[in-house]
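Input: a single structure, listed below in structure tokens.
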Amino acid sequence: MPEGNEIHRWAEMHAGMFAGRKVRVDSPQGRFTDAAALDGRVLKGVRAVGKHLGYDFGRTGIVHVHMGLYGDFSEGRQPMPEPRGALRMRLWDKRHWLELRGPTDCSLWSEEEWQTLLARLGPDPLNGDEPAKMIERIGKRRTAIGALLMDQSIVSGLGNIYRAELLFRAGVSPFRAGAEVEAKKLEGIWKDACALMPDGMVDRRIVTTRPKDRPHGKGEAMDEEVHYVYRRTGRPCLLCGKKVETQVMAGRNLFWCPGCQAE
DNA sequence: TAGAAATGTTTAG
DNA sequence: TAAACCTTTCTAT
């Protein structure tokens, strides 16, 4: 499900619910084998970098959570619902509960392991980082910019929706080599990400269209167009009317407008 | 009921 | 480059 914006949102929300509190932890599904070691301990805080979350239990360690494609949280006020489906981890206290399903990873890490993770990630637009390293790394590569934006060691937190939509908004073809994209353009893409990502969600969907570009005025279709190109294959571009195209790049479906993003 | 797809990453070949 | 892995949800038969 998530790209970096939702990861950071979860970190803030879960810290608000549980930071500084003694929490209960279990794993109804049984696959999070370190749950018992954390049960009854104090959650000190929740970290977020790129698409990674870290639930900090101090000397006991850090629960590293990576959502992969399908991972999802649900949370709420007590009473906690009965376990349903494949429930990897639950965390709760007297007031709140949260459930984690389907993550690629949910395991207890040391501080050292967390630092190793930080070392291999590129700058994160949601962590107040500077774009210099991203621009430098992209400038050295012949690889297509559409693939480079998905590489977490170049820039962290972007996923398939943001790669398509940021490139569209910048008017850059995803097929252009990294080295052929001007540094000014890259800086603009970074700034756009910093502006878009913090409050990029409506109804659990990422929204990247500017209000003036959304068709409106008639009935239900209002506000339906939340993306310019993502998953709009064969439909007319909201700006130029040409048909949106799709092709697999970096193992994922890439979407672009051949008019607005000419090579 | 089966199958495909989904905002992702790692490992193998 | 391809396959494997995690799980739910929506569509087609």
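Proteins get letters first, then strands, A, B, ... in listed order; numbering begins at 1 in each.
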Exercise. Could you tell me the separation between the CZ atom of A:F32 and the P atom of C:dC5, rounded to a whole number of Å?
Key: 22 Å
Practice problem: For A:K94, enumerate each residue passing the salt bridge (charged side-chain N to carboxylate O under 4.0 Å, His left out) test, keeping only those at least two apart in sequence or located in another chain. | Solution: none
Quiz prompt | By ring pair (Phe, Tyr, Trp, His ring centres under 6.0 Å) - contacts of A:Y162 (at least two apart) | solution = none
Show which side-chain atoms of residues 114-121 of chain A pair as donor or acceptor with protein atoms under 3.5 Å away, not counting sequence neighbours.
| residue | atom | partner | partner atom | Å |
| --- | --- | --- | --- | --- |
| A:Q115 | NE2 | A:E111 | OE2 | 2.8 |
| A:T116 | OG1 | A:E112 | O | 3.0 |

What side-chain donor-acceptor pairs closer than 3.5 Å can you find for residues 240-247 of chain A, not counting sequence neighbours?
| residue | atom | partner | partner atom | Å |
| --- | --- | --- | --- | --- |
| A:T246 | OG1 | A:L254 | O | 3.0 |

Exercise. Name all residues meeting the salt bridge (charged side-chain N to carboxylate O under 4.0 Å, His left out) criterion together with A:R141; count only those two or more places apart in sequence or in a different chain, and write none if there are none.
Key: none
Exercise. List for me each residue that meets ring pair (Phe, Tyr, Trp, His ring centres under 6.0 Å) alongside A:F32, sequence neighbours excluded, and say none if there are none.
Key: none
Quiz item: Between atom CG in A:L121 and atom C1' in B:dT9, what is the gap in whole Å?
Solution: 12 Å
Exercise. Look at the rings of A:F168 and A:Y228 and say which category their plane angle falls in: under 30° parallel, 30 to 60° tilted, over 60° perpendicular.
Key: parallel
Tabulate protein N/O versus nucleotide N/O from nucleotides 4-6 of chain B, keeping only pairs under 3.5 Å, one per line.
| residue | atom | partner | partner atom | Å |
| --- | --- | --- | --- | --- |
| B:dA6 | OP1 | A:R231 | NH1 | 3.2 |
| B:dA6 | OP2 | A:N253 | ND2 | 3.4 |
| B:dA6 | O3' | A:Y230 | OH | 3.1 |
| B:dA6 | N6 | A:Y70 | OH | 3.3 |

Quiz prompt | Distance in angstrom units between A:R84 CZ and C:dT7 P, rounded | solution = 16 Å
Exercise. Taking side chain to side chain donor-acceptor pair (under 3.5 Å) as the test, write out the residues that go with A:S156, two or more places apart.
Key: none
Practice problem: Would you classify A:E165 as touching base, sugar-phosphate or nothing, given that sugar-phosphate means primed atoms plus P, OP1 and OP2, and contacts are heavy atoms under 4.0 Å? | Solution: nothing
Quiz item: Rounded to the nearest Å, what distance is computed from the CH2 atom of residue A:W10 to the P atom of nucleotide B:dG8?
Solution: 11 Å
Self-check item: A:R163 vs A:L158, side chain to side chain contact (heavy atoms under 4.5 Å, CB included): CA-CA, chis, key distance, verdict
Solution: CA-CA 7 Å; A:R163 97 156 144 181; A:L158 302 185; 5.8 Å; no
Practice problem: Nearest whole angstrom, please: distance from the P of C:dT7 to the CE of A:M89. | Solution: 14 Å
Quiz item: Does a side-chain N or O from A:Q152 land closer than 4.0 Å to OP1 or OP2 of B:dG8, or not?
Solution: no
Quiz item: Which residues satisfy the ring pair (Phe, Tyr, Trp, His ring centres under 6.0 Å) test with A:H64, sequence neighbours excluded?
Solution: A:H52, A:W109
Self-check item: Those residues that, when tested against A:F18, pass ring pair (Phe, Tyr, Trp, His ring centres under 6.0 Å) (two or more places apart)
Solution: none
Quiz item: Rounding to the closest angstrom, what is the interatomic distance between C:dC5 and B:dG13 at atom P?
Solution: 13 Å
Exercise. Using the P atom as the reference point in each nucleotide, state the distance between C:dT8 and B:dT10 in Å, no decimals.
Key: 23 Å
Taking only N/O atoms, report every protein-nucleotides 10-13 of chain B pair under 3.5 Å with atom names and distance.
| residue | atom | partner | partner atom | Å |
| --- | --- | --- | --- | --- |
| B:dT10 | OP1 | A:R120 | NH2 | 3.2 |

Quiz item: Over how many whole Å does the gap from A:Y162 atom OH to B:dG8 atom C1' extend?
Solution: 16 Å
Quiz item: In residues 97-105 of chain A, which ones come under 4.0 Å of DNA chain C, going by heavy atoms?
Solution: A:R101, A:G102, A:T104
Quiz item: Taking CG from A:L149 and P from B:dT9, how many angstroms apart are they, rounded to a whole number?
Solution: 13 Å
